[in-house]
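A short worksheet on the structure shown next.
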Amino acid sequence: MTNLVENVTQQIKSVIRQSLSKAIANGEIPEVEVPEISIEVPREKGHGDFSTNIAMQVTKQAKKAPRQIAEILIKNMDTSNTYIDGIECAGPGFINFRLNNAWLYAALKGIQTDKENYGRIDIGNGRKVMVEFVSANPTGPLHMGNARGGALGDCIASVLDAAGYDVTREFYVNDAGNQIEKFGISLEARYIQLLKGEDAIVFPEDGYQGEDIIDHMKDYISANGDKLLDVESAERRRILVEYALPKNIERIKAGLESYGVKYDVWFSEKSLYDSGELKETLEILKEKDCTIENEGATWIKASVLGAEKDEVLVRNNGIPTYFAADIAYHRNKFLKRNFDWVINLWGADHHGHVGRMKGAVSSMGIDPDKLDVVLFQLVRLYRNGEIARMSKRTGRAISLTDLLDEVGRDAARFFFNMKASGSHLDFDLDLAVKQSNDNPVFYVQYAHARICSMLKILEGEGVTVPAADSVNLELLQKAEELELIKRLAEYPEEIRISAQTLEPSRLTRYVMDVAGLFHSFYNACRVKGEEENIMKARVVLVDSARIVIKNVLQLLSISAPERM
RNA sequence: GUGCCCGUAGCUCAGCUGGAUAGAGCAACGGACUUCUAAUCCGUUGGCCGGGGGUUCGAAUCCCUUCGGGCACGCCA
């Protein structure tokens with residue numbers, strides 16, 4: 001697994017460390033406790049390829065001016081057998097390193113060797129991580145919040161996979177509890193209304209208003225008639241739920257699949273009731289003295305949750321709350337299935353639940369730091385510059401399916417991952433289908449198609465991508481070439497940072513950047529028709545850009561067309 | 001009222017575990033196609049990083065405060 005930036009960074013750190021010890025040993029700098037050396041890429045190109053602020057960091061300890069320390073360190077640096085070509089002290093005390101291009105050529109070779117695996121790293125070390133996302137109520141269609149959560153969760157999972165984690169994608173099916181009761185009541189009310197008229201029964205105030213409930217009952221009646229009218233209410237609801245729930249779950253599965261999201265596990269909430277795990281969890285909490293009884297209900301203590309007030313676990317009617325089931329569910333994730341790390345994606349409106357959940361997890365003896373909750377802000381759709389709420393086709397609230405019909409999977413997934421999860425997202429429906437340069441999806445895909453087209457034409461003339469070892473990559477000297485290579489070399493680091501911050505949006509920006517650098521290169525340098533050695537070197541470069549763009553798009557589950 | 005998130009260019013956003021002269025895309029304006037895809041490129045214009053304090057060698061970044069926007073505070077999920 002190639003990661004030249006990592007190699008180079010280590011090399012520089014090692015040079016600094018040796019220089020520091022040497023300076024201490026010969027008394028130029030007093031004994032200091034060496035902090036973690038940080039190497040960064042300066043914003044300003046004139047400041048070299050990499051830089052460190054180590055001299056400023058040890059200023060206090062060493063009791064010398066930062067620039068003075070920097071000069072001493074530079075004097076003691078041994079750069080033989082490294083990529084380092086020049087070192088200088090600059091600004092308030094930065095040490096800037098300029099590298100020779102050999103590391104860039106090594107990066108190109110690495111890309112050609114790794115191919116579709118280029119970018120993969122191993123910071124995860126095979127640790128088991130679960131990403132639980134969408135987990136929409138199966139009482140209706142998927143909405144825009146689910147759409148954002150779906151794109152985000154799936155890509156977080158992919159990033160972690162690329163970073164070397166053993167990833168499980170999971171959907172928690174809320175097929176038990178209160179909302180299923182409400183679902184049943186809603187279905188029943190519509191059933192009766194359809195057969196006996198609107199006035200035959202008052203639709204419950206907290207019932208599900210969606211038209212899909214009526215559609216279900218129309219379908220049911222046309223297949224099964226009115227035979228349930230005589231059936232006792234509880235039984236009738238059970239039958240109707242049993243009819244409609246699997247249909248909804250299937251629709252959710254199908255919708256997510258056409259969105260490019262595939263789950264490893266569909267975990268049933270009901271199974272926690274059936275297996276007795278929920279009961280078991282409640283008993284454990286009781287034994288640990290985490291609960292109290294009050295007004296006929298069972299509560300979990302605020303002190304356990306690190307919260308200000310107690311929360312109900314079992315209602316006075318005996319039905320456990322969602323929270324109780326969620327505690328059992330998380331106990332299952334950590335203690336029954338032994339995940340090392342669990343990531344939940346929740347809409348920002350659930351933020352109040354985070355602290356409670358961590359507290360509850362902690363009360364089960366689980367390190368709450370093993371649970372991360374990614375909160376994502378809500379989505380606003382825009383059409384013709386105005387907020388759009390309704391689907392043009394159905395006249396109902398825009399569902400995931402409507403969105404996919406209107407803009408397609410590629411644009412939807414790309415747009416939802418363009419911004420950090422914590423920022424509000426305005427989704428411009430017009431822009432997403434526009435085939436022009438202001439649409440970033442097309443910009444990136446076009447770069448890929450352009451490369452493929454070039455390679456195809458060259459192939460027609462008998463030029464295939466040569467082995468990187470067989471060409472003189474040092475012929476790549478132009479600024480546009482070197483900048484492109486440098487950015488390609490950074491891909492594994494981009495994966496690392498995305499994984500650590502759980503922000504795939506970093507990768508959409510990265511791939512836009514790579515596409516832009518490629519387009520610049522394309523306009524500055526020709527490949528076909530150039531002198532043979534230069535052409536060969538450039539073919540390697542162009543093909544490497546293709547590999548990187550393709551790998552990123554693949555990771556985001558966005559297509560990389562070869563022709564447009 | 002209490003808590004969480006967000007305020008950066010005309011618009012949409014990066015940068016936020018402190019670093020050098022605050023970036024990108026779009027929009028606006030001006031250029032580049034007889035040559036591998038102009039769905040492209042090159043250039044120009046554009047900023048009191050919401051305001052005010054503090055911390056220090058250094059603050060968009062950390063702390064306090066204030067203003068503006070969103071959200072949550074159920075025996076809903």
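In what follows, chains are A, B, ... by sequence order, proteins preceding strands, each numbered from 1.
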Discussion item. Using a 4.0 Å heavy-atom cut-off to protein, can you give one letter per nucleotide of nucleotides 72-77 of chain B, 5' to 3': B if the base is in contact, S if only the sugar-phosphate is, - if neither?
Written reply: SSSBSB
Worksheet item: Tell me, which pairs form a salt bridge (charged side-chain N to carboxylate O under 4.0 Å, His left out) where one or both residues lie in residues 136-146 of chain A, sequence neighbours left out?
Response: none
Worksheet item: Quantified in whole Å, what is the C1' atom distance between nucleotide B:A59 and nucleotide B:A22?
Response: 12 Å
Within the sub-3.5 Å range, which N or O atoms of nucleotides 5-7 of chain B have a protein N or O partner, and how far apart are they?
{"from": "B:C5", "atom 1": "O2'", "to": "A:Gln377", "atom 2": "NE2", "distance (Å)": "3.1"}
{"from": "B:C5", "atom 1": "O2'", "to": "A:Gly422", "atom 2": "O", "distance (Å)": "3.4"}

Worksheet item: So does A:Asn96 reach the base of B:A20 with its side chain, donor to acceptor, closer than 3.5 Å?
Response: yes
Discussion item. At less than 3.5 Å, do the side-chain atoms of A:Ser51 and the base atoms of B:A20 form a donor-acceptor pair?
Written reply: yes
Can you sort out the partners of [X] under side-chain contact (heavy atoms from CB on, under 4.5 Å), two or more places apart, ordered by chain and number?
| X | result |
| --- | --- |
| A:Asn248 | A:Phe183, A:His216, A:Arg251 |
| A:Arg506 | A:Glu494, A:Ile497, A:Ser498, A:Arg509 |
| A:Lys536 | A:Pro466, A:Val471, A:Glu532 |

Holding to side-chain hydrogen bond (donor to acceptor under 3.5 Å, both in side chains), I want the full list of residues that pass it with [X], two or more places apart in sequence or in another chain.
| X | result |
| --- | --- |
| A:Arg43 | none |
| A:Gln500 | A:Arg496 |
| A:Asp513 | A:Arg487 |
| A:Lys486 | A:Asp49 |

Side-chain polar contacts of residues 321-330 of chain A - donor-acceptor pairs under 3.5 angstrom, sequence neighbours left out - could you list them?
{"from": "A:Thr321", "atom 1": "OG1", "to": "A:Val312", "atom 2": "O", "distance (Å)": "3.0"}
{"from": "A:Thr321", "atom 1": "OG1", "to": "A:Leu313", "atom 2": "O", "distance (Å)": "3.3"}
{"from": "A:Thr321", "atom 1": "OG1", "to": "A:Phe323", "atom 2": "N", "distance (Å)": "3.4"}
{"from": "A:Thr321", "atom 1": "OG1", "to": "A:Ala324", "atom 2": "N", "distance (Å)": "3.3"}
{"from": "A:Asp326", "atom 1": "OD2", "to": "A:His353", "atom 2": "NE2", "distance (Å)": "3.4"}
{"from": "A:Tyr329", "atom 1": "OH", "to": "A:Glu170", "atom 2": "OE2", "distance (Å)": "2.7"}
{"from": "A:His330", "atom 1": "ND1", "to": "A:Asp326", "atom 2": "O", "distance (Å)": "2.8"}
{"from": "A:His330", "atom 1": "NE2", "to": "A:Lys333", "atom 2": "NZ", "distance (Å)": "3.4"}
{"from": "A:His330", "atom 1": "NE2", "to": "A:Asn344", "atom 2": "ND2", "distance (Å)": "2.8"}

Pick out the pairs of N or O atoms, protein on one side and nucleotides 16-19 of chain B on the other, that lie under 3.5 Å.
{"from": "B:G19", "atom 1": "N7", "to": "A:Asn53", "atom 2": "ND2", "distance (Å)": "3.2"}

Practice prompt. Could you tell me the separation between the OH atom of A:Tyr522 and the C1' atom of B:U40, rounded to a whole number of Å?
Written response: 8 Å
